[in-house]
Amino acid sequence: MRLWHLGWVSDEDGARKPKAGPAPLSGCVTPLLGLVVGLFVFLRLPLDPARPYHPAGGALPAPPALPSAPARAAAAAPPAEAAAARAPHRRASLAPARRTGRYHPFAPAGASLQPLVAQHGPVADLLETRLDELEDLGLEEASTDVLYLLGAEQQAVAHYAAAAGFYEAFAAQDVCDVTCDERAPALENAVVLHRATGDVAGALRSADLFEARFETSSPRAATRVALTAAALDGRGGQDRLERLRRRRLPPAEAIQTEVALGRRLLPSDPRRARRAFRRAERLWRRSGGEHMATSPGLGPTEWVAELGRTREALAEARFLEAERRYRAAGRMAPPALGDELREAHVARWVRTELRPWLRRRMEAIDRAERALDRVDELGLSRQSVAAAARRGQLYQELADTLARVRLPSAVESDDESITLIEQPRGPMFEHLVRPALERFEACMERASETQHYGEWSERCADGLARYLPRYRLPEALP
């Protein structure tokens, strides 16, 4: 055998010796070029072509129809919309979007998909074997682990409704083989996937099954599932939260439960809602606040996330309490001038009615701002964006109210209250509009720091766009 590209030859005994004479140029360049191209192709290929599984955080329905092998192969690539949904949302610019309707506070982060073990260990080795077994024997005779494996496979290819059905059927089984410990995470995933696909009835059904089977063995997961189900259950959400708060919960979970109960009660029973918020505050103080003891069974990273969720929930409770102060300030309408427009009458109206009203309104604004400051005492959170927006609105709404007050043009006075009304670009801008802009700017900074752009940051951008052109929409520019 002649190894021309290395410049060596092998004799009949297998011994290698230098080839007599230089190797032909064409015989060296061509193999080397092929070696370089092959190495480039090798490096460009993925080391593992198999798609990994995405990690996740009454009578049962029949499991979804078993997909055939060609159907599973055709579904190997997730749809484009599923890939787009996984992309993180970021605002391209600070330009405000048009937004109407009510503005709501951010809710605490809900349950997320739990990690599965189908991508590693002995379970991964059983995947193809069990699927073949299922095709050969049928659903009734095959191992119950196949249901779990099918759910993991459907979740990996973004067929979430089918995955939730398989997980629910798997968790309902009384016997299992090698995946017994995965029944609770799989059923929690079914709740999350049902909710993500808009199947509220399926999510509540899975939550009820979880409460019946795993409340004792997986108490922390049971709390997450109960909070998720309470947010989805229009009529029975309050009963779910009442049952949950009667359990012996760690302080962090108890605080989240009390805040969720207060949020649920606020529209119909504000007094009970405020009592729930106060219980959450007491639990936070008694447990040491930021220095509360770690909940049992949580590692350092998990505890940091749990403490963050607790702080976010308590910040929401404080924001909802501050909303009472905000609404109280907004209800203070200015006094009416009446039909008497003589200068003496207008001066007496300003001295006896307008000036005291303005003082009371500013005191109400100060009380609302102090209540909103308690939100920021817990540190930076999504509620900080909403609190900063409300601060700006307090001053902007007062400026708008004063701008609607009409005085007769013949009135001449040096009274500060009258000049505040008469010259909106002068005293009014300095006393009311500029503080509003500063607070709206702080709101946009909080949104940038937390990356939580939404309805509150849009309200701030709309307030800034009234005076600063860089915040206006392109079609609104002159």
Engineer: Is there a donor-acceptor pair closer than 3.5 Å between any side-chain N or O of Arg472 and the backbone N or O of Ala465?
Structural biologist: yes
Engineer: Measure across Ile255 and Ala280 and return the closest heavy-atom pair with its distance rounded to 0.1 Å.
Structural biologist: CG1-O, 3.9 Å
Engineer: For the CZ atom on Arg271, are there more than 12 heavy atoms of other groups (residues, nucleotides or ligands in this structure) within a distance under 6.0 Å?
Structural biologist: no
Engineer: Is it true that Glu369 and Arg439 have a side-chain N and a carboxylate O under 4.0 angstrom from each other?
Structural biologist: yes
Engineer: Is there a donor-acceptor pair closer than 3.5 Å between any side-chain N or O of Trp357 and the backbone N or O of Met332?
Structural biologist: yes
Engineer: Does the plane of the ring in Tyr148 sit parallel, tilted or perpendicular to the ring in Tyr167? Use 30° and 60° as the thresholds.
Structural biologist: tilted
Engineer: Test your reading of the model: is there a side-chain donor-acceptor pair from Arg325 to the backbone of Ala364, 3.5 Å cut-off?
Structural biologist: no
Engineer: Using salt bridge (charged side-chain N to carboxylate O under 4.0 Å, His left out), reason through Arg272 and Glu242 one step at a time and then give a plain yes or no.
Structural biologist: CA-CA 12 Å; Arg272 289 184 62 193; Glu242 293 285 2; 3.0 Å; yes
Engineer: Within the distance-only criterion (no hydrogens, no angle test), does the side chain of Trp349 pair as donor or acceptor with the backbone N or O of Ala336 below 3.5 angstrom?
Structural biologist: yes
Engineer: Evaluate salt bridge (charged side-chain N to carboxylate O under 4.0 Å, His left out) for Arg470 paired with Glu441, printing each intermediate quantity in order.
Structural biologist: CA-CA 12 Å; Arg470 68 177 181 271; Glu441 290 277 9; 3.0 Å; yes
Engineer: Keeping Glu253 on the side-chain end and Pro250 on the backbone end, is there a donor-acceptor pair under 3.5 Å?
Structural biologist: no
Engineer: Can you see which heavy atom on Ser448 is nearest to which on Gln451, and at what distance?
Structural biologist: O-NE2, 3.0 Å
Engineer: Using a 3.5 Å distance criterion without hydrogens, assess whether the side chain of Arg183 forms a donor-acceptor pair with backbone atoms of Gln173.
Structural biologist: yes
Engineer: Taking the basic N atoms (NZ, or NE/NH1/NH2) and the acidic carboxylate oxygens, is any pair closer than 4.0 Å for Arg318 and Asp376?
Structural biologist: no
Engineer: Where do Ala190 and Ser206 come nearest, in terms of heavy atoms and distance?
Structural biologist: CB-OG, 3.9 Å
Engineer: For the side chain of Glu312 and the backbone of Arg382, is there at least one donor-acceptor N/O pair under 3.5 Å apart?
Structural biologist: yes
Engineer: I need the full list of disulfide (SG to SG under 2.5 Å) pairs touching residues 439-474, with sequence neighbours left out, sorted by first then second residue.
Structural biologist: Cys443-Cys460
Engineer: Is Arg391 reaching over with its side chain to a backbone N or O of Leu372, donor-acceptor style, under 3.5 angstrom?
Structural biologist: yes
Engineer: For the pair Arg311 and Glu290, find out whether any cationic side-chain nitrogen is under 4.0 Å from an anionic carboxylate oxygen.
Structural biologist: yes
Engineer: Taking only residues at least two apart or on different chains, which pairs with a member in residues 212-238 satisfy ring pair (Phe, Tyr, Trp, His ring centres under 6.0 Å)?
Structural biologist: Phe210-Phe214
Engineer: How close do Trp456 and Gln393 get, heavy atom to heavy atom, and via which atoms?
Structural biologist: CZ3-OE1, 4.0 Å
Engineer: Run Arg374 and Glu321 through side-chain contact (heavy atoms from CB on, under 4.5 Å) and show every step you take.
Structural biologist: CA-CA 10 Å; Arg374 298 186 67 243; Glu321 283 284 278; 5.6 Å; no
Engineer: So, Arg446 side chain and Ala387 main chain: donor-acceptor pair closer than 3.5 Å or not?
Structural biologist: no
Engineer: Do Arg466 and Asp400 have side-chain heavy atoms sitting under 4.5 Å apart?
Structural biologist: yes
Engineer: Keeping Arg213 on the side-chain end and Ala171 on the backbone end, is there a donor-acceptor pair under 3.5 Å?
Structural biologist: yes
Engineer: Are the charged groups of Glu306 and Arg220 less than 4.0 angstrom apart, N to O?
Structural biologist: no
Engineer: Using the ring pair (Phe, Tyr, Trp, His ring centres under 6.0 Å) rule, collect all pairs that involve residues 259-283, keeping only residues at least two apart or in two chains.
Structural biologist: none
